[in-house]
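See below for the structure under consideration.
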Amino acid sequence: MRLCVIGCGNVGRIIARAVDEGTLEVDLKYYDRNPKKCEELGKPYSKGFEEFLEGCDVVLEAASPQAVKEFGAKVLERADLIVLSVGALLDEELLKELLEVAERNDKRIFVPSGAIAGLDAIKALSLVGIDEVTLVTTKNPKALGVEAKERKVLFEGDAKEAVKRFPFNVNVVAALSLAAKRLAKVKIVADPNVDKNVHEVYVKSKASDLYIKVENVPSPMNPKTSYLAALSVIELIKEIGERLRVGT
Ligand SMILES: NC(=O)c1ccc[n+]([C@@H]2O[C@H](COP(=O)([O-])OP(=O)(O)OC[C@H]3O[C@@H](n4cnc5c(N)ncnc54)[C@H](O)[C@@H]3O)[C@@H](O)[C@H]2O)c1
């Protein structure tokens, strides 16, 4: 499989490392608006976007929400697309356009589970309708850039307002909302007694109620990204090329 990666930043580097270590078996090619970043990676890259797209089976967007807007439709005319800047898909117009292009060209859009778990069950429950989905994210006050001597709720409200005020959470909120087929309610909590990034998901539906708790440590290669999120991206790429798919 030829994997073409938009973005030679932190995630781009994690993917290159996974290929070098033999965890991922793909042919790699890169593109970045800043070609110097690709040079530093030491992997093949293209300076022009059209040239970059040639021969790609799957394109991984690992750049920014802007890149999803700029390149998403162009990619889906030629290849499947993995979107990492999932927050971009909270824009309903853009999501509709990308789905139309994918449909017309028989291509698919993939979204990794990222820093949370349980999206398989949430998708299944969405078949009977989910009555409520809530995400509670708890971080150390330092990680949130606030002062708090005890547990403090910083925000409680709807997904769109939450991602405007706390953009760090945007990919988790978007993946959850896409899986549940409705916008999640969001609560952001600062707690000096936690040292991990904790996501709790509560789902109420006719078939099951779910409670999922994930305590994430930062990625060894990039403290801004949860280790689980980086691993989920690698696992998704592996699954696309595999015959047996479990839980997708
Ligand atoms: N869903 C997930 O699980 C998950 C996990 C990690 C990161 N992400 C998202 O993936 C994206 C990349 O993360 P990162 O940590 O590697 O970021 P980064 O800033 O380290 O690297 C991004 C790279 O993309 C390039 N870039 C940005 N916009 C571009 C554009 N419009 N055209 C061409 N190149 C462009 C930049 O020059 C940079 O080299 C972010 O949006 C991040 O939120 C999602």
Side-chain angles (χ1 to χ4, degrees), residues 3-19 24 28-43 45-53 56 58-75 81-91 94-95 98 109-120 135 137 143 159 162-164 166-179 184 197 199 201 214 216-240 248:
L3 178 73
C4 301
V5 184
I6 307 175
C8 294
N10 288 311
V11 174
R13 200 167 57 240
I14 288 169
I15 300 301
R17 164 88 72 98
V19 169
L24 261 183
L28 271 182
K29 184 158 79 158
Y30 283 88
Y31 171 82
D32 198 297
R33 65 181 168 199
N34 180 357
K36 267 201 180 149
K37 304 269 300 240
C38 300
E39 252 168 58
E40 284 162 21
L41 265 187
K43 297 282 180 206
Y45 70 95
S46 301
K47 285 192 175 156
F49 192 74
E50 285 302 319
E51 176 198 330
F52 163 75
L53 273 186
C56 299
V58 179
V59 174
L60 170 68
E61 172 280 314
S64 60
Q66 181 54 35
V68 181
K69 280 195 194 134
E70 220 174 314
F71 304 120
K74 281 187 197 156
V75 168
L81 172 66
I82 304 174
V83 176
L84 289 204
S85 307
V86 197
L89 303 181
L90 284 174
D91 175 342
L94 178 66
L95 177 60
L98 295 182
I109 304 169
F110 299 97
V111 171
S113 50
I116 50 168
L119 295 187
D120 52 348
L135 169 72
T137 296
V163 300
K164 267 190 228 151
F166 298 93
F168 75 85
N169 230 9
V170 66
N171 296 321
V172 170
V173 172
L176 189 57
S177 300
L178 286 169
N197 296 337
H199 296 297
V201 178
V214 187
N216 286 323
V217 297
S219 170
M221 283 182 72
N222 171 19
K224 271 189 352 197
T225 299
S226 298
Y227 200 6
L228 174 64
L231 293 172
S232 91
V233 174
I234 295 170
E235 178 54 23
L236 172 61
I237 299 164
K238 279 171 76 75
E239 286 231 334
I240 291 172
T248 52

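Quick caveat: nothing in here was measured; it's all calculated off a predicted structure. Order of appearance sets the numbers: ligands from 1, and atoms from 1 within every ligand. Position 1 is the first residue of the sequence, and the numbers go up from there.
- For R33, heavy-atom contacts with ligand 1 shorter than 4.0 Å involve the backbone as well as the side chain.
- Comparing L84, L60, V111 against atom 2 (C) of ligand 1, the shortest heavy-atom distance belongs to L84.
- For the residue pair E51 / Y31, no side-chain donor-acceptor distance below 3.5 Å is found, with atom types taken as modelled.
- Other residues, nucleotides and ligands place more than 12 heavy atoms under 6.0 Å from the CZ atom of F168.
- The protein heavy-atom contact nearest to atom 8 (N) of ligand 1 is N171 ND2, 3.8 Å.
- For ligand 1, none of its N or O atoms has an N or O atom of S232 under 3.5 Å away.
- Considering both main-chain and side-chain atoms, V233 never comes within under 3.5 Å of ligand 1 through any nitrogen or oxygen pair.
- Taking every non-hydrogen atom of G114 and a distance limit under 4.0 Å, the qualifying atoms of ligand 1 come out as 3 (O).
- Just one of K37, K29, E39 meets the side-chain hydrogen bond (donor to acceptor under 3.5 Å, both in side chains) condition when paired with Y45; it is E39.
- The closest side-chain heavy-atom distance from L53 to C4 is not below 4.5 Å.
- In this structure, F52 and I6 have side chains that are in contact, with non-hydrogen atoms separated by less than 4.5 Å.
- With a heavy-atom cut-off of 4.0 Å, V86 touches ligand 1 through its side chain alone.
- Those atoms of ligand 1 with a heavy atom of E70 less than 4.0 angstrom away are 31 (N).
- Nearest to atom 28 (N) of ligand 1 among the protein's heavy atoms is S64 OG, 2.8 Å.
- Contact annotation for atom 19 (O) of ligand 1: protein absent (non-hydrogen atoms, distance under 4.0 Å).
- Of the possible donor and acceptor atoms, none in the side chain of T137 sits under 3.5 Å from a partner among the backbone N and O of H199.
- Taking atom 26 (N) of ligand 1 as the reference point, the nearest protein heavy-atom neighbour is A63 CB, 3.6 Å.
- Remark: minimum distance from atom 21 (O) of ligand 1 to any protein heavy atom is reached at G9 CA, 3.2 Å.
- Regarding atom 23 (C) of ligand 1, its nearest protein heavy-atom neighbour is D32 OD2, 3.6 Å.
- Set against the non-hydrogen atoms of A67, the atoms of ligand 1 under 4.0 Å away are 30 (C), 31 (N).
- Residues V233 and L60 are in side-chain contact: their nearest non-hydrogen atoms beyond the backbone lie under 4.5 Å apart.
- Annotation: atom 32 (N) of ligand 1 to nearest protein heavy atom, F71 CE1, 3.4 Å.
- Counting only heavy atoms of the protein, atom 5 (C) of ligand 1 lies nearest to A229 CB, 3.9 Å.
- Among the atoms of S85, some N or O lies under 3.5 angstrom from an N or O of ligand 1.
- Closest to atom 16 (O) of ligand 1, if we only count protein heavy atoms, is V11 N, 2.8 Å.
- S177 contributes no side-chain N or O that, together with a main-chain N or O of A174, makes up a donor-acceptor pair within less than 3.5 Å.
- Two residues are said to be in side-chain contact when any heavy atoms from C-beta on lie closer than 4.5 Å; L176 and L119 meet this criterion.
- Side-chain contact check for V68 versus D91: every heavy-atom pair is 4.5 Å or farther apart.
- Defined by atom type and a distance below 3.5 Å, a donor-acceptor pair is missing between the side-chain atoms of N197 and S226.
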